[in-house]
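By convention here, the first residue in the shown sequence is residue 1. Only this structure's heavy atoms are used, side chains among them; waters, hydrogens and symmetry mates stay out.
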Amino acid sequence: MSGQAGPPGQRGTAPPPAPAQRGWLHRLRQRAGRALWPQTLTGRIVAILVAGMLAAQALTGTIWWDMRRGQLLEVPLRVVAARAADTFTLLASLQLPDRGAAVRTLDSAHYRVSLVGDDEAAALAAAAVPADAVPDAAARRMVADVLDRRAGAPVPLHLLSVELRGDGGQSAATGALLTASEPEAHVHLLLGLGAGQWLRLQAREGESGYAVRPYSALADYVLRIYLLRIAVVVAVALLAVRIAMRPLARMARAADALGRDLQSPPLDTRGPREVRQAAQAFNAMQQRIAEGVAERTRFLAAVSHDLRSPITRLRLRAEMLQPESLRTKFRADLQEMESMVTATLDVLRGADTPGPRQSVDIDALVGSLVQDLHESTGVAIAVHGAAQAPLPGYAQSLRRCLQNLLENALRHAGNAAVHIEEAPGLLVVTVRDDGPGIAAAHLPHVLEPFYRAEGSRNADSGGFGLGLAIADAVARAHGGRLQLANRPQGGLDARLELPRGPSARA
C-alpha cells in the first residue's frame, strides 16, 4: 500500500531533517541573511535601489542585445543580398537548359547555389526552422530592398532563415554575440526565377573586414550600462538618504539628550512637513514629561517638607513621656522618620543642579571629603591618582555623590580607597572597598531608590536604600554614569565616570 514504508534501498521521499539539524540550518540561514542584508537604514535603501536598477537593466538589456545583433547582421546580409541579386540577374537572363551549368560554376563552399521546383520550394518554405534562426521583419526588408534595387524590379523572395554564429560556427545564443571576433551570418533564401523554377541560396558571410572588437564592446557595455549606473545610483542614493535621514539623526540625538536632561533644548521645527510634525510632537512630549516630573517632584518635596512639622511636635511631646524606656523608643522612631524624610528630599534634589557650571577641583574636593570622614569616623581613606585639570560641574552635587559612595563603603566594609584616573574624554573616580560586595542578582537594582540588597549587606546598617540612587542621579545630571562591579578578589568597585567633552550636559 502507498501508506507503508518501502524496503531498504527503495526510492522514496527523504526523511525530514532532525530537530538539531533544522536548528543548525536555520541559524546558518539567519547568519547568511544578516551578512547579506545591510543592518543600517541607509544601506538597505541603497541595496533596494541598486537591486531595482539591476532588475530594470536586465530587462532593458534585451534592447542592447537586439541592437548588437542587428549591427552584426547588417553588413553580411547586405553582401549576401547583393550577390544573390547578381546571381538572380545572371540566371534570369539565361535559357532554362543553360542555367544548370551556370549554377555549377557559381556554387562554392561558402555560397551554395541550386535550382529547385515549385513543390520543393513550397516544402522548404513550410519546413520548421530553429526559433533563434527565424528572420525578423527588419532582416526581410533589408534583403528585399537590396534585391529589388539591384535587380531593377521586385523579386519573389522566401527568406527561410538568418542565423548569426560566432567563431567556429557555434551559436551566438551561447554568448558568441559578445565574444566572437569573426561572427558570420548564415542565410538561407529562395528566389523565384519563374516558369516553376526557384533559386536556392545558402550563404555564409562575415563582416567583410569590418572591425568587430567584441571584448571592447562587452567592456563598454558592462562599464557604462552597469558599473557607471551602479556608481551613480549609489552616489545619488547616499546623498538622498543622507539628506532624508538628517532629521531622523537629529531626533535621535535629541531623544538621547532628553534621557539625560529633561530641560534639553527643543528640536528645530524647520524642514519638510513630516519633519516639522515629528519635531513638534517630540517637543510636546518633552514638555509634558518635564511638567509631569516637575509636578511629581514638587508634590513629593512638599509632602516630605511638611512632615517635618509634625515630627518636630512629636519630638517635643515625646520628652514628656514616661517611663524613660518608652521615651527612648519614641526618640528612635522619630529619628528614623526624620532621616527617611531627609533622604527622600536628597533623592529629589539629586538631579537638581541649579546655577551655572563651575570648574571643580576634584583633587581638593576629594581631599576635604576624605579629611572630614576621617575626623568623624577615625578611618583613614587612601587617595590614589590625581585629576589633570578641573572638571566643569556642580561642586555641591559632586560632593554629595562622593560622600554617599564613601559612606556606603565604610558602612558595609569598614574601609575605602579612592582612585582618580583620566580616560579619553572622561574623568573616572573609583571608590573601592574590601567588603562582601553585592550579590549578582542585586547588582541591576541597587541604584533604584529604596532598594536594599539585604542578602549581601548588613541589614542592621543598610540605611534606606537611597545613597546609591542619589549618587546615580548626580552622575546622570552631569552626563556621566555610575557603575558597580564586584572585584574578583572580594570587595566592590563604584566607578563614577564624568565626561569632560561635548557629552557633558551643557
Side-chain angles (χ1 to χ4, degrees), residues 38-46 48 236-305 344-360 391-398 400-401 425-427 444 447-449 469-483 496-506:
Q39 299 303 308
T40 63
L41 187 59
T42 300
R44 292 182 179 183
I45 293 178
V46 171
I48 292 173
V236 172
L238 288 176
L239 179 61
V241 171
R242 183 182 180 87
I243 296 174
M245 294 299 162
R246 191 176 298 164
L248 185 60
R250 188 168 63 247
M251 187 172 296
R253 291 193 298 269
D256 183 64
L258 177 63
R260 296 193 303 268
D261 180 14
L262 289 177
Q263 304 302 326
S264 59
L267 269 176
D268 187 2
T269 56
R270 293 176 299 178
R273 178 187 304 172
E274 295 81 4
V275 174
R276 293 198 304 270
Q277 292 175 348
Q280 291 168 359
F282 184 89
N283 292 338
M285 177 193 69
Q286 178 180 355
Q287 184 177 359
R288 287 193 295 268
I289 293 175
E291 291 175 352
V293 171
E295 182 179 359
R296 186 196 65 176
T297 302
R298 287 193 300 269
F299 171 76
L300 293 176
V303 171
S304 300
H305 185 272
T344 302
L345 290 175
D346 287 341
V347 170
L348 296 177
R349 290 193 299 260
D352 184 14
T353 54
R357 281 176 175 255
Q358 55 183 332
S359 295
V360 180
L391 178 77
Y394 307 98
Q396 184 178 359
S397 296
L398 287 175
R400 184 187 304 127
C401 173
L426 291 175
L427 175 65
L447 297 181
E448 300 173 3
I470 294 172
D472 180 59
V474 173
R476 287 186 284 107
H478 284 77
R481 61 177 178 172
L482 175 63
Q483 291 181 304
L496 176 64
E497 298 181 355
L498 300 172
R500 285 191 176 276
S503 59
R505 189 182 74 176

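Interatomic distance, Leu447 CG to Gln483 CD, rounded to the nearest 0.5 Å: 10.0 Å. If you take CZ on Arg253 and CZ on Arg250, they are separated by 7.5 Å, rounding to the nearest 0.5 Å. Atom CZ of Arg276 and atom CG of Asp268 lie 11.0 Å apart (nearest 0.5 Å).
Applying the side-chain hydrogen bond (donor to acceptor under 3.5 Å, both in side chains) test to Gln287 and every residue at least two apart in sequence or in another chain returns Glu291. Taking the salt bridge (charged side-chain N to carboxylate O under 4.0 Å, His left out) definition, one finds that Arg481 meets it with Glu497, sequence neighbours left out. Annotation: side chain to side chain contact (heavy atoms under 4.5 Å, CB included) contacts of Ala278 (sequence neighbours excluded): Met251.
Shown here for Ala475 and Leu496, the closest heavy-atom pair between the two residues is CB-CD1, 3.5 Å. When all heavy atoms of Phe282 and Leu267 are compared, the pair lying nearest together is CD2-CD1, 3.5 Å. Gln280 and Thr269 make their closest contact through CG-CG2, 3.9 Å (heavy atoms, listed as atom of the first residue, atom of the second, distance). Scanning both residues, Pro499 and Gly479, for their nearest heavy atoms gives CG-O, 3.4 Å.
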Q | Cys401/His478 under side-chain contact (heavy atoms from CB on, under 4.5 Å): CA gap, chis, key distance, verdict | A | CA-CA 11 Å; Cys401 173; His478 284 77; over 6 Å; no
